[in-house]
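Working notes for the structure below.
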Amino acid sequence: MKSVNGNEIIQVFESWSPKKYACMPNDPIGLAIGTLNKPVTKVLVTLDVTNEVVDEAIDNGCELIIAHHPPIFMKLSNLRTDNPKGALYEKCLKNDIAVYAAHTNLDVAPGGVNDLLADALQLENRKILEVSFEEKMMKLAVFVPVDDADALRDVLAKAGAGRLGHYEACSYTLEGKGRFRATEGADPAVGEIGELHIEEEEKVEVVFPQSMKNKILKAMLNNHPYEEPAYDLFTMDVDTNKQGLGRIGKLKQPMTLREFAQFVKVQLDVPCLRAVGPLEGVVQKVAVVGGDGNKYIRAAKFAGADVFVTGDIGFHMAQDAEVEGLSIIDPGHHVEKVMIKGVAEKMASLCADQKLPVEFIQSKINTEPFQFI
Ligand SMILES: [Zn+2]
């Protein structure tokens, strides 16, 4: 069986959750420990990298760990192996386990942590809570012989062109005739030197975010049958690729804050949670931010949320929210564990599409530091 290189796996991951989506200054994302330039057969997906998680990776024969929380968050001033963190890094290196972190870029990515939490809470008509990334869209129109058009459409879709919301491989095609005369020195795929040639062609149009321009053009040029492919490239003013942190949506049915708190406990699998606001008040519009959402209380209020679900809410932030009439449910930071199943399943499906034989294992280690007594 073809062996898969760690870099290939991360390329697939970053086509879904690119580093450009990171929305925290100097977020230490990417490869944190080891190398990706090696064969990888099994990947462990985890929220945190603890000693037990590294043991789990070793026991399962994983060569790579994909974690949400970066294992090296603060700059290191030494690499001593006689302290717990240093020993953890040593264990990874000695066992040839690479660790790759996807933090705020995975929060933001469509289908990432915030969407997974919104899925678990069954939020409908979902929108981004706070846009943190925006780029213009471009359109490529390329002229290709009819017989080669399907293959080229496929190449463009695989390179990531034609993604619109929940749709992929979107393109538009018009049929027409291409005319050209190859001159001395040309090596035409069709037609003869010195003769005007008419070819039945298709004009294939696809859109993509501006940052993908080089990748899409390279894919098109490398796979077009013509020596000199003809194409148009536009920057579009209408659509932009907007991504951001948090989600806001509606519950199918309104419920009291008390009922909603129970619902969150079940859906996010937590033994208890903290609630701010009138328990008999009715809520339907819900904002959610995975992890620590203290900074997004105002955004949730402005967006019209009845209740804001997030972790690590501070005492004074809770008081401020109460005064402003925004209810809060704090189920803890650890609910981000939804990413384990979400990322493992998404990556298994993306790698299967790319015919990369690699297994994604969901960590079973509980990394919640809090006990509830
Ligand atoms: Zn977090």
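Whatever order the structure lists them in is the order used to number ligands and atoms, beginning at 1. Since the structure is predicted, the reported quantities are computational estimates derived from the model, not experimental observations.
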Q: Using a cut-off of strictly less than 2.8 Å, determine whether Glu336 has an N/O/S atom near the Zn ion (ligand 1).
A: yes

Q) Hey, are Glu63 and Thr41 close enough side-chain-wise for a donor-acceptor pair under 3.5 Å? A) yes

Q) When the ring planes of Trp16 and Phe13 are compared, do they come out parallel, tilted or perpendicular, using 30° and 60° as the limits? A) perpendicular

Q. With a cut-off of 2.8 Å, does His68 place any N/O/S atom under that distance from the Zn ion (ligand 1)?
A. no

Q.
Using 0.5 Å steps for rounding, measure from the NZ atom of Lys337 to the CD atom of Glu368.
A. 7.5 Å

Q: Measure the acute angle between the ring planes of Tyr226 and Phe180, then classify it against the limits of 30° and 60° as parallel, tilted or perpendicular.
A: perpendicular

Q.
From the N, O or S atoms in His333, identify the one nearest to the Zn ion (ligand 1).
A. NE2

